[in-house]
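Okay, so here's the structure we're looking at.
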Amino acid sequence: MPASTCTIVVEPRTDGRFRATCHLLPDAECVADTEAEARAALERALEFHLRQRALADDNGNLNPIDALFLRLRREGRKAFMPFIAAGDPDLPGTTLLVRELVAAGASLIEIGFPYSDPIADGPVIQASYTRALAHKLKLDDIFGWAESVREPLQGVPLVGMVSYSLVHRRGATAFLDRARQVGFAGLIVPDLPIDEAESLSALTAERGLKLIHLVTPTTPPERAARIARLSTGFLYCVSITGITGERDRLPEQVLEQLQRLRSQTDLPLCVGFGVGKPEHVRMLRDHVDGVIVGSALVRKLEQAGKKPIEGIARDVGELARSLVTALNVPVEV
Amino acid sequence: MTAAVTTVPDARGRFGPYGGRFVPETLMHALDQLTLAYAAAQEAPEFQKQLDYYLRQYVGRPTPLYFAERLTAHAGGARIFLKREDLNHTGAHKINNCIGQALLAKRMGKPRVIAETGAGQHGVATATAAALFGFSCQVYMGEEDVRRQKLNVFKMRQLGTEVVSVKSGSRTLRDAINEAMRDWMATVEHTHYIIGSVVGPHPFPMMVRDFQSVIGREARQQCLDQTGRLPDVVLACVGGGSNSAGAFYPFVGDASVELVGVEAGGRGPQPGQHASTLSHGQPGVLHGSYSYVLQDADGQTADVHSISAGLDYPGVGPEHSHWKDSGRVRYTHVGDAEALEGFKLCCKLEGIIPALETSHAVVEALRIAGKRAKQDVVVVCFSGRGDKDCFEAARLLGEEIGE
């Protein structure tokens with residue numbers, strides 16, 4: 001049912017602003033300066049809710065990513081989404097890092113599938129992939145590992161970040177079947193733009209997996225709207241024109257971009273590329289549903305070999321905790 | 001000849017199933033803009049006029065189609081003709097594409113160009129075009145290649161280009177392309193990426209093929225003028241596949257002309273010992289397009305080897321994959337040792353020092369010519385001269401010529 005066919009009630013408040021409600025979504029209310037804005041905001045919330053409901057399987061089970069954002073939105077909280085590469089320094093080390101990240105409050109964990117030619121990645125993640133591949137890490141090792149971390153994950157969803165080369169070589173169907181079987185909730189395929197993703201979109205949807213697309217600062221608005229319609233789970237908003245990696249500061253335009261995207265979709269917006277400091281997170285948190293942090297965490301692994309993995313995991317956990325705090329605890333004034 | 005082979009790529013940049021755009025979203029808008037700018041340039045008479053002007057006055061085109069009498073006698077069969085791309089300014093076919101793309105960058109108002117290079121031929125050609133048109137220029141080159149190709153590094157620097165040594169991954173051409181793509185992702189608003197071969201995302205494979213097609217167009221007309229007929233066979237070496245695409249494309253519709261691509265056979269057919277992508281690879285994704293790739297069972301790009309740095313590449317242009325599957329072009333390979341013999345033979349019999357890449361094609365041409373009738377015509381795309389390879393050839397031939 002399209003959101004526009006249900007009854008939205010918009011009423012003026014004593015403070016001159018407007019409040020929109022709807023009987024279909026009793027615990028939601030949207031307050032805005034104008035009647036139209038309040039209505040639009042509630043329409044988006046409804047559309048989102050209905051889409052989630054439509055996506056639930058016959059037993060009413062939601063994909064874990066959808067369930068996560070429904071819950072966070074209800075609680076008014078934001079998602080912390082760390083990225084690490086599988087197998088750097090080795091798979092038991094990756095398990096240790098997963099435990100640490102879960103303990104630090106990760107909402108979702110992105111697992112990079114090491115690839116020999118990752119053109120979207122900066123030097124830190126590329127080096128991490130190179131280290132993992134130097135140990136002859138195989139695709140089946142990663143799948144086997146994912147199966148083994150169900151308990152340490154404690155229900156935190158796992159998303160795979162994987163180059164299309166690997167998906168295609170295994171065969172999309174076989175890859176997705178195995179990914180779902182071992183517990184991945186969705187995939188990001190950073191070198192598969194929407195124009196090439198038609199078949200993979202259908203195959204992921206059939207399996208209840210999410211295929212998360214990226215929007216970048218160079219994406220024209222009409223195209224961004226198309227990407228938002230095709231993305232499932234959340235929309236990955238790239239904050240900078242360039243590759244992954246830490247930045248001192250994020251460009252101010254990222255907020256404009258988020259504002260525009262917010263008006264185009266109700267899909268959760270999560271920002272990544274260049275996010276690695278508490279001040280980045282504070283800048284973004286009121287405008288997003290989540291932040292994705294990769295290079296800043298992965299950089300800690302450069303110490304592997306010189307320092308025991310337990311120590312590295314503690315460093316990773318410490319940075320993660322500071323980012324989680326920045327994301328969800330109000331600044332005291 | 002089926003129409004399907006002559007009217008590619010389609011609007012999405014597909015040559016049959018191959019090609020397309022497997023790149024991060026950040027580049028999609030730039031690729032759309034480039035496609036539009038290129039289409040507009042093709043329609044613009046002043047662009048074509050400028051291109052013709054620089055190719056004639058600066059590059060030195062048309063290059064001769066030279067009847068190689070002594071190689072012909074040596075083979076003892078068909079007449080062998082060499083399309084002398086080695087006589088171009090900068091010594092190889094690479095400049096044809098660089099002039100075209102540089103003029104396009106100028107049209108698009110981009111003040112900076114970047115490129116990748118393996119042995120350094122494309123880097124030198126790009127640095128040359130950048131100097132000619134006043135662009136700032138950075139060329140990415142694997143650390144290994146920087147060490148092995150000091151002469152070309154020096155040339156590029158003298159031409160005002162900054163050579164960036166790439167220390168990631170395998171530190172060769174493959175990583176230089178990755179690094180150039182990464183640069184482009186961050187600088188796409190004011191930078192044009194002059195890719196050096198018929199590889200990468202659409203529209204690059206089409207555009208580079210078109211700019212290199214001057215080779216085949218000239219050769220076709222010259223062959224008609226000089227022999228009164230079309231060639232029976234056209235051969236070229238294939239790394240990424242730009243000189244071969246340029247040589248073959250104008251002949252694709254001539255059903256009587258046999259087209260032969262020669263890949264690097266290296267030391268043998270074992271994985272890691274060769275760069276025969278079309279003979280030993282599988283369809284996959286590398287550097288933004290879907291094409292044959294040398295890769296392992298997981299889809300990780302394989303290591304490659306060739307005596308010739310310009311053929312030492314684990315991928316190949318998507319149109320070649322299409323030509324292979326459709327049967328329009330036959331692909332074969334020539335090993336390191338044979339190529340070195342071809343190098344020596346060409347020097348001794350014709351007084352022409354060929355690039356090691358080119359030597360691969362010469363070897364196969366001799367084989368083919370030997371089996372054909374005397375009136376037959378075999379055209380070899382003589383893609384480049386061998387100056388750059390002298391140190392390597394000397395080393396392999398056991399001579400000291402100190403660097």
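Every chain is numbered from 1 and lettered A, B, ... according to where its sequence line falls, protein lines coming before strand lines.
Remark: Q270(B) CD is packed, more than 12 non-hydrogen atoms of other residues, nucleotides or ligands lying under 6.0 Å away.
In this structure, the separation between OG on S168(B) and CG on D117(A) is 9.0 Å, given to the nearest 0.5 Å. Rounded to the nearest 0.5 Å, atoms CG (L27(B)) and OG1 (T218(A)) are 7.5 Å apart. If you take OG on S163(A) and CZ on F22(B), they are separated by 12.0 Å, rounding to the nearest 0.5 Å.
Counting heavy atoms from C-beta on, the side chains of M28(B) and R223(A) come closer than 4.5 Å. Side-chain contact between I119(A) and P24(B) is present, with heavy atoms from C-beta onward closer than 4.5 Å.
Residues of residues 171-189 of chain B lying under 4.5 angstrom from chain A, judged on non-hydrogen atoms, are R174(B), N178(B), E179(B), M181(B), R182(B), M185(B), A186(B), V188(B), E189(B) in numerical order. For residues 193-203 of chain B, a heavy-atom distance under 4.5 Å to chain A picks out no residue at all. Residues of residues 286-306 of chain B having a heavy atom under 4.5 Å from any heavy atom of chain A, listed by number: L286(B), H287(B), Y290(B), Q295(B), D296(B), A297(B), D298(B), G299(B), Q300(B), T301(B).
Using a 4.5 Å cut-off between heavy atoms, P190(A) contacts chain B through its backbone alone, with no side-chain atom that close. Both the backbone and the side chain of P118(A) come within less than 4.5 Å of a heavy atom of chain B.
Contacts of Y140(B) classified as ring-ring contact (aromatic ring centres under 6.0 Å, His included), with partners at least two apart in sequence or in another chain: none.
Of the options T219(A), L192(A), D191(A), a side chain to side chain contact (heavy atoms under 4.5 Å, CB included) to E25(B) is made by T219(A) and by none of the others.
In this structure, the side chain of E196(A) engages the main chain of R21(B) through a donor-acceptor pair within 3.5 Å.
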